[in-house]
**Student:** 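First, the structure itself, so that you have it in front of you.
Order of the sequence lines fixes the chain letters, A, B, ..., with proteins taken first and strands second; residue numbering starts at 1 for each chain.
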Protein chains: 2
Amino acid sequence: MSPTPNPTPARLRTIPSRLLAGAALAADRLVSERLAAEGAHKWHFAVLVALAEAGAASQAELSRRTGIYRSDMVAVLNELADAECIRREPDPADRRRNVITLTPTGRHRLERLDTLITDAQRELLAPLTPDQQDELTRLLAVLTEHHHPPHGAQ
Amino acid sequence: MSPTPNPTPARLRTIPSRLLAGAALAADRLVSERLAAEGAHKWHFAVLVALAEAGAASQAELSRRTGIYRSDMVAVLNELADAECIRREPDPADRRRNVITLTPTGRHRLERLDTLITDAQRELLAPLTPDQQDELTRLLAVLTEHHHPPHGAQ
DNA sequence: CTACTTTCATTAGCGCTACGAACGTTTGGA
DNA sequence: TCCAAACGTTCGTAGCGCTAATGAAAGTAG
């Protein structure tokens, strides 16, 4: 006679904010595990994508593109620079700025991380049909866009 | 001539794990703001629901029902007990356990918090049609259930 | 030209959340 | 009887989002 084998009340299982938190946590774990296997980090990928897709930029600009705070961006760029994935040089046109440039090494690194990320997404969405996967992605995009993205992400 | 007014690359905007993180953050903010206005916390609500829906239980059992770690549960129950929302008494049948009981005060408190939570969900899902809201909730439920709920949440 | 405001990179720090370690107590099973 | 497990509790940790403050440089107004 088990005393109370009652895991997770129905009410809690139907609250969107709770479901979002749980799903986000699982998703983050999947991504982080994959990336950690290659000594990489979530943020590295975001920065590399931002550089590959929209070209060289200042740190502040990268901060806006990725949603990473520019105070955290410093360390991320340090690591990417140590791995020679980017170059960080003062902007001659505006001496406040650094110009961050993607190196060939960085481009290769991005390719590798991209497959890891893609794999993780696949595993994350595995229990859904392809149509459901697309629908979920669309709905989430609407939500995040509506609720002022990360906002300024200064 | 703005240098690079390019917010958020398309690739980043279509990665489910990133969308989930963003949506979860927005959702959590909405909920936390509402609850904070009444000095309440996310976790208080979860515990009260778990008690109301499945009856009195030990702290470990509540931990399983809510996904809150049992090390964190202690403080939550302290606060709920201070507010006289619950009673915490040693279990005569098993002296390791405490029996946590919902008080009438706690039941009223739950009613209040429930409306706050419901309001927050409404605001969160506002940009979606009712059908989309249901679909999103269903899809998220599938995901969280598949990826070993919170898991043990010991 | 001067004075004010803004932007930038960088450092340091805070609060919250999920999570693990350890401990003493108690219980149940071999 | 001995061992393993569960319980409540305390303490500590790591990561993330975010703020504040600083010195340098640029833009802007008077």
Side-chain angles (χ1 to χ4, degrees), chain A residues 1-5 17-18 20-29 31-33 35-36 41-44 46 57-64 66-79 81 86 88-100 148-154, chain B residues 1-5 17-18 20-22 24-29 31-33 35-36 41-44 46 57-64 66-78 81 86 88-100 148-154:
Chain A
M1 57 163 191
S2 49
T4 326
S17 62
R18 270 185 69 98
L20 275 172
L25 195 59
D28 234 68
R29 250 197 283 263
V31 168
S32 295
E33 278 172 20
L35 291 183
H41 195 270
K42 208 179 149 190
W43 293 337
H44 299 154
S58 70
Q59 301 187 189
E61 171 62 18
L62 284 177
S63 185
R64 284 175 222 116
T66 59
I68 301 170
Y69 271 69
R70 69 184 208 279
S71 44
D72 298 324
M73 182 64 71
V74 180
V76 176
L77 293 180
N78 284 343
E79 292 159 15
I86 60 157
R88 185 208 250 133
E89 6 191 51
D91 185 342
D94 184 340
R95 302 211 307 269
R96 292 171 302 180
R97 291 182 165 93
N98 289 333
V99 179
I100 309 300
H148 52 72
H151 62 288
Q154 62 151 327
Chain B
M1 60 165 192
S2 50
T4 327
S17 62
R18 269 185 70 98
L20 275 172
L25 195 59
D28 234 69
R29 251 198 283 263
V31 168
S32 294
E33 277 173 19
L35 292 182
H41 195 272
K42 207 176 149 193
W43 293 336
H44 299 153
S58 70
Q59 302 186 188
E61 170 62 17
L62 285 177
S63 186
R64 284 176 222 113
T66 60
I68 301 169
Y69 270 69
R70 70 181 207 277
S71 44
D72 299 324
M73 181 65 70
V74 181
V76 176
L77 293 180
N78 285 342
I86 60 156
R88 184 207 251 135
E89 6 191 48
D91 186 342
D94 184 342
R95 301 211 307 267
R96 292 172 302 180
R97 291 183 166 93
N98 289 335
V99 179
I100 309 299
H148 52 70
H151 62 288
Q154 61 150 333

**Student:** So, for A:Ala27 and B:Ser17, which heavy atoms are closest and what is the spacing to 0.1 Å?
**Tutor:** CB-CB, 3.8 Å

**Student:** In whole angstrom, give the distance that lies between atom CG of A:Leu25 and atom P of D:dG15.
**Tutor:** 15 Å

**Student:** Tell me: CH2 of B:Trp43 to P of C:dG15, nearest whole Å?
**Tutor:** 15 Å

**Student:** Quick one: on DNA chain C, does B:Lys42 or B:Pro92 contact a more 5' nucleotide (nearest heavy atom)?
**Tutor:** B:Lys42

**Student:** May I ask you to verify if any side-chain N or O of A:His41 is less than 4.0 angstrom from the OP1 or OP2 atom of D:dC16?
**Tutor:** yes

**Student:** Could you tell me the separation between the CG atom of A:Leu20 and the C1' atom of C:dA18, rounded to a whole number of Å?
**Tutor:** 17 Å

**Student:** Just the rounded figure in Å: distance from C1' of C:dT25 to CG of B:Asp91.
**Tutor:** 14 Å

**Student:** Provide, to the nearest angstrom, the distance between the CD1 atom belonging to B:Ile68 and the P atom belonging to D:dT9.
**Tutor:** 15 Å

**Student:** Within a strict 4.5 Å, meaning less than it, do heavy atoms of the A:Glu61 and A:Ile100 side chains meet?
**Tutor:** no

**Student:** Would you say B:Tyr69 places a side-chain N or O within less than 4.0 Å of OP1 or OP2 belonging to C:dA18?
**Tutor:** no

**Student:** I'd like to compare against my own output: the B/S/- annotation of nucleotides 6-13 of chain C with a strict under-4.0 Å heavy-atom distance to protein.
**Tutor:** BBBBBBB-

**Student:** Among residues at least two apart in sequence or on other chains, which ones pass side chain to side chain contact (heavy atoms under 4.5 Å, CB included) with A:Ala46?
**Tutor:** A:Thr66, A:Ile68, B:Leu12, B:Arg18

**Student:** For the CG atom of B:Leu20 and the CG atom of B:Leu25, what is their distance to the nearest 0.5 Å?
**Tutor:** 12.0 Å

**Student:** Can you name the nearest heavy-atom pair linking A:Ala81 to A:Ile86, along with the distance?
**Tutor:** N-CG1, 3.6 Å

**Student:** Just report the end-to-end axis angle for the helix from C:dC1-D:dG30 to C:dA30-D:dT1, five pairs per end, to 10 degrees.
**Tutor:** 20°

**Student:** Do you know the tightest heavy-atom contact between A:Arg97 and A:Ser58?
**Tutor:** CD-CB, 3.8 Å

**Student:** Whole-Å distance between C:dT17 P and A:Asp28 CG?
**Tutor:** 16 Å

**Student:** Taking atom C1' of C:dG15 as reference, at what distance in whole Å does atom CD of B:Glu33 sit?
**Tutor:** 16 Å

**Student:** Nearest 0.5 Å, what's the CZ-CG distance between B:Arg96 and B:Asp91?
**Tutor:** 10.0 Å

**Student:** Let me spell it out: for each of A:Ser32 and A:Arg95, pick the nucleotide of DNA chain D with the closest heavy atom. Which residue's pick is nearer the 5' end?
**Tutor:** A:Ser32

**Student:** Output, in order, the C-alpha distance, side-chain angles, deciding distance and verdict of side chain to side chain contact (heavy atoms under 4.5 Å, CB included) for A:Arg88 and A:Gln59.
**Tutor:** CA-CA 9 Å; A:Arg88 185 208 250 133; A:Gln59 301 187 189; 3.0 Å; yes

**Student:** Tell me the closest heavy-atom pair linking B:Asn98 and B:Pro90, and the distance in Å.
**Tutor:** OD1-CA, 3.9 Å

